[in-house]
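One structure is given below, encoded as structure tokens.
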Amino acid sequence: MSESKDFLRTIVEEDLASGKYQEIHTRFPPEPNGFPHIGHAKSIAINFGIARDYHGRCNLRMDDTNPTTEDTKYVEALKDAVQWLGFEWDNSVRYTSDYFPELYNYAVELIKMGKAYVDSLSEEEIREYRGTVTEPGKRSKYAERSVEENLDLLERMKNGEFKDGEHVLRAKIDMAAANMKMRDPLLYRIRHAHHYRAGDKWHIYPMYDFGHCLSDYIEGITHSICTLEFENNRDIYDWVLDTLGLKSPRPYQHEFARLAINYTVMSKRKLLELVNEGRVSGWDDPRMPTIAGYRRRGYTPESILNFCDQIGIAKANSTVDVSQLEFCIRDDLNTKVPRVMCVLDPLKVTIENYEGAEELDAPYYPHDVPKEGSRKIPFSREIYIERDDFMENPPKGYYRLTPEQPVRLRHAYIITCKEVIKDADGNIIEIKAAYYPDSKSGADTSGIKVKSAIQWVDVEKAKKVELRLYDRLFKDEAPEGLEDINPDSLKVVKNALIEPAVITDKPDERFQFERQGYFYADPIDYTDETPVFNKIVGLKDSWSKKTKAAESATKNERKPQAKKVQIDGEVEPMSEAEQALFDKYTGELQLNSMVADILARDTQLSSFYEEALSINNSPVTIANIVANEVAREFKEKQADELRFDAKQIAELVKMVDDGTISSKIAKQVFEEMSKNGEDPVQIVEAKGLVQISDPSQIAPIIDEVIAKNPDNVEKFKAGNTKLLGFFVGQVLKATGGKANPQVVNELVAEKLK
Ligand code: ATP
Ligand code: MG
């Protein structure tokens with residue numbers, strides 16, 4: 001179970017404690033109209049996770065009430081996904097379509113109670129009669145039909161006597177209800193279509209609002225967990241069950257925020273479009289955000305579950321940074337998988353003073369104590385290195401092989417460049433080199449200093465492999481669809497060269513190719529003749545590196561070199577001391593592992609953090625500011641240029657914690673502090689940055705924003721709840737970020753009701 005309890009688990013515990021339920025029973029209810037994506041993984045983790053944590057049960061239910069889009073291949077994909085993530089559903093897979101007879105009986109019962117009627121208005125008229133947010137709707141004249149007539153019509157609708165759209169069954173609730181969903185919602189519609197399971201038996205299909213609550217009830221579900229967009233449907237959920245007098249256990253609906261990730265589309269409709277338009281190779285294309293895609297790419301179930309755990313469960317929608325998911329897979333594989341050498345773009349090196357051949361011993365897990373295993377690497381006078389590991393005219397800070405600078409061949413010897421051979425066009429085609437016989441890795445007595453170690457393979461013994469290098473499928477941070485596709489999301493390297501043990505030994509399916517990234521033997525296309533590897537993820541976040549590089553280039557300033565010499569592209573393992581700190585931070589202090597990782601690996605940052613913590617015991621807030629803002633300053637400036645100290649950070653955080661300023665304003669205050677060394681309290685006072693939490697001060701600003709945006713108010717009231725964020729944003733902007741976001745959220749929601 002995760003460290004801190006989320007609001008759903010709090011509800012579950014209260015319900016168990018009060019005796020409302022004896023046993024928890026949840027369900028994961030996908031519609032089998034596409035492959036499940038990472039958003040479904042979140043829902044799976046929540047529903048199955050809660051059942052597991054509280055010794056309850058979780059059903060896997062196909063919510064298959066729409067005959068035109070559903071298919072058994074999607075049912076199989078959903079089953080696979082749940083199992084791959086490590087969960088077991090209770091009993092056998094359930095299908096809403098199995099309940100069609102029962103649902104029909106409930107509809108008959110509602111008619112008999114005078115609570116449902118067959119309406120014969122056209123779709124357009126139904127919409128018109130519905131009214132608007134400001135005007136009540138008007139009931140159809142057909143609502144006056146007798147019980148007998150309604151029963152007769154429903155029966156004939158079922159038997160296929162009418163055309164699509166000719167009639168619908170509606171609940172008789174309230175055409176003036178403030179919640180527009182309650183204005184006589186549709187319960188059944190006519191569809192003459194073949195259902196992948198029910199065949200051609202049915203000519204009417206239940207609507208979500210009717211089928212879902214009853215399916216939950218039929219299965220004995222206690223907690224019906226869904227995403228926020230169903231908030232307004234909750235009233236219908238309750239109405240149906242209460243009107244029919246269904247109790248014990250009576251399910252209740254609870255909503256959480258759906259997962260959204262930047263650079264990712266997450267709707268089955270859009271994913272289907274990518275598949276149908278041939279923009280990807282299928283639902284399991286390794287660039288797809290589907291569970292099948294991640295799986296084929298090489299992600300582990302653990303990494304996906306860790307991700308779901310890290311992002312938590314919230315009641316407000318937000319977008320998660322895709323680098324957080326990438327961090328989780330890196331974090332999982334870092335210590336687990338063997339490290340081997342592969343050369344993507346080979347440059348031949350002839351070691352002129354080397355004779356014969358030998359086999360070098362190399363551990364698969366050079367940095368990890370508990371895991372053991374090693375292989376032999378063949379070495380001879382002709383090897384390949386990576387083309388960009390040699391430069392004739394290197395820029396400053398280039399640590400690899402140059403005409404002047406020797407380099408270590410990983411697990412082997414130090415070599416030095418003797419001669420550069422070029423073709424007629426001036427391209428480098430070979431390096432003539434010499435090696436130092438007494439520099440053998442592990443027994444180096446040469447005394448020669450090098451700045452890095454590079455990968456290499458033996459010309460004669462290396463094996464050819466195909467690599468599929470994947471990048472993000474979308475170039476746009478908030479992609480809409482096909483038009484935002486990243487044209488470079490797949491690069492195939494046909495003739496990469498790998499050390500032979502990877503192919504002959506097969507120590508694992510996943511590897512770290514040193515300095516290149518993590519790779520996975522493609523489960524479908526891999527053969528011993530043509531080994532194919534998918535790139536799972538790079539060794540570090542190359543996107544943030546790209547943007548940072550671009551930033552510093554525009555600022556045109558030189559940053560001091562990082563203190564530690566890091567082999568390019570390699571995520572260094574933690575020392576014991578760093579690991580201990582990391583464990584303390586993620587354990588006792590409850591920091592997320594990304595923040596903990598940054599702090600634990602940097603003694604300057606961690607001691608700064610601990611000092612601030614000793615003054616103000618607010619571990620999470622301080623950690624966030626130290627790992628982000630303070631870390632950036634440390635990187636950009638020399639120690640004697642820094643204008644703030646740990647005590648001031650502690651004071652700054654105190655103002656955030658006690659609500660004096662918002663965390664957004666805290667960033668602004670930090671900028672000031674780091675520029676001119678002023679005291680945070682003084683800055684806040686002098687600039688009037690104190691947070692506004694008083695509703696009477698905020699309310700008029702909200703009124704103004706509402707008055708200025710009548711169109712969006714209308715859209716919001718018609719059900720586009722996403723616009724809540726827009727209004728909150730406008731209000732915060734109008735106050736220069738000083739309004740307390742929580743208060744604004746609550747007030748805006750209230751005013752828009
Ligand atoms: P999509 O809009 O992608 O088609 P959906 O909500 O229509 O998704 P369903 O198959 O109906 O997909 O959903 C099955 C379950 O998964 C539902 O309980 C739904 O709330 C949940 N779910 C779907 N998408 C997400 C998401 N992005 N984050 C969290 N849960 C999700
Ligand atoms: Mg859906």
Side-chain angles (χ1 to χ4, degrees), residues 6 8 26-51 58-66 68-71 73-82 85 87 89 93-97 206-209 211-213 215-216 219 221 223-234 237 251-275 283 288-294 304-305 307-320 322 325 478-481 721-722:
D6 55 78
L8 290 171
T26 55
R27 85 290 170 262
F28 169 61
E31 183 184 353
N33 61 351
F35 272 52
H37 49 60
I38 182 98
H40 292 104
K42 178 173 178 180
S43 182
I44 291 170
I46 290 174
N47 282 296
F48 284 93
I50 286 181
C58 181
N59 290 358
L60 172 60
R61 181 200 310 150
M62 299 302 148
D63 197 9
D64 52 355
T65 56
N66 183 359
T68 55
T69 55
E70 295 160 3
D71 197 282
K73 68 172 182 259
Y74 301 131
V75 173
E76 291 311 311
L78 284 154
K79 285 157 63 174
D80 277 351
V82 172
L85 287 171
F87 294 108
W89 50 87
V93 175
R94 322 290 171 108
Y95 297 86
T96 303
S97 54
M207 304 298 290
Y208 173 88
D209 284 321
H212 205 87
C213 53
S215 301
D216 283 345
E219 292 177 9
I221 300 305
H223 296 79
S224 178
I225 298 167
C226 65
T227 42
L228 278 179
E229 65 276 18
F230 292 98
E231 206 170 355
N232 289 335
N233 301 60
R234 197 198 314 131
Y237 190 102
Y252 283 89
Q253 178 183 307
H254 306 276
E255 308 91 23
F256 71 97
R258 69 191 291 122
L259 171 64
I261 304 183
N262 60 7
Y263 296 102
T264 308
V265 299
M266 201 132 40
S267 123
K268 280 179 285 187
R269 189 179 50 76
K270 287 182 181 173
L271 296 175
L272 180 64
E273 196 174 40
L274 290 167
V275 174
W283 284 100
M288 288 282 270
T290 52
I291 299 178
Y294 289 115
I304 294 198
L305 291 173
F307 171 71
C308 293
D309 201 43
Q310 269 190 18
I311 54 178
I313 308 174
K315 259 182 155 330
N317 285 321
S318 63
T319 301
V320 174
V322 65
L325 177 61
E480 287 293 331
T721 46
K722 277 188 199 152

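Whatever order the structure lists them in is the order used to number ligands and atoms, beginning at 1. Any value given below was found using the heavy atoms of this structure, including those in side chains, with hydrogens, waters and symmetry copies removed.
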Which ligand 1 atoms does Thr227 reach within 4.0 Å, using its non-hydrogen atoms?
20 (O), 29 (C), 30 (N), 31 (C)
What atoms of ligand 1 come within less than 4.0 Å of a heavy atom belonging to Ser267?
3 (O)
Would you give the length of the straight line joining atom CZ of Phe87 to atom CG of Leu60, rounded to the nearest 0.5 angstrom?
12.5 Å
So, does Asp64 use its side chain to make a donor-acceptor pair with the main chain of Thr96 at under 3.5 Å?
yes
Which is it for Phe230 and ligand 1 at heavy atoms under 4.0 Å: side chain, backbone, both or neither?
neither
Per-atom contacts of ligand 1 with Phe256, taking only distances under 4.0 Å to non-hydrogen atoms:
29 (C), 30 (N)
Can you check ring-ring contact (aromatic ring centres under 6.0 Å, His included) on Phe230 and Tyr208, steps first, answer last?
CA-CA 11 Å; Phe230 292 98; Tyr208 173 88; 4.8 Å; yes
Before signing off on this row, confirm whether Lys268 and ligand 1 have an N or O atom pair separated by under 3.5 Å.
yes
So, does Lys79 use its side chain to make a donor-acceptor pair with the main chain of Val93 at under 3.5 Å?
no
Under 4.0 Å from ligand 1, counting heavy atoms only, is it the side chain of Arg269, its backbone, both or neither?
neither
Electrostatic pair Glu255:Arg234 at N-O distance under 4.0 angstrom
yes
Purely on distance, is any nitrogen or oxygen of Pro29 under 3.5 Å from one on ligand 1?
no
Give the minimum heavy-atom separation between Ile261 and Thr319, together with the two atoms involved.
C-CG2, 3.8 Å
Can you name the atoms of ligand 1, numbered from 1 with element, that are less than 4.0 Å from a heavy atom of Glu31?
9 (P), 10 (O), 11 (O)
Exactly one of Leu272, Ile291, Leu274 clears side chain to side chain contact (heavy atoms under 4.5 Å, CB included) with Trp283, and that residue is Leu272
Correct closest heavy-atom pair for Lys268 and Glu31 would be NZ-O, 3.2 Å
Would you check the N or O atoms of Pro30, main chain and side chain alike, for any that come under 3.5 Å of an N or O of ligand 1?
no
Out of Met266, Met62, His40, who gets a non-hydrogen atom closest to atom 12 (O) of ligand 1?
His40
Just distances here: any N/O of Asn33 and N/O of ligand 1 closer than 3.5 Å?
no
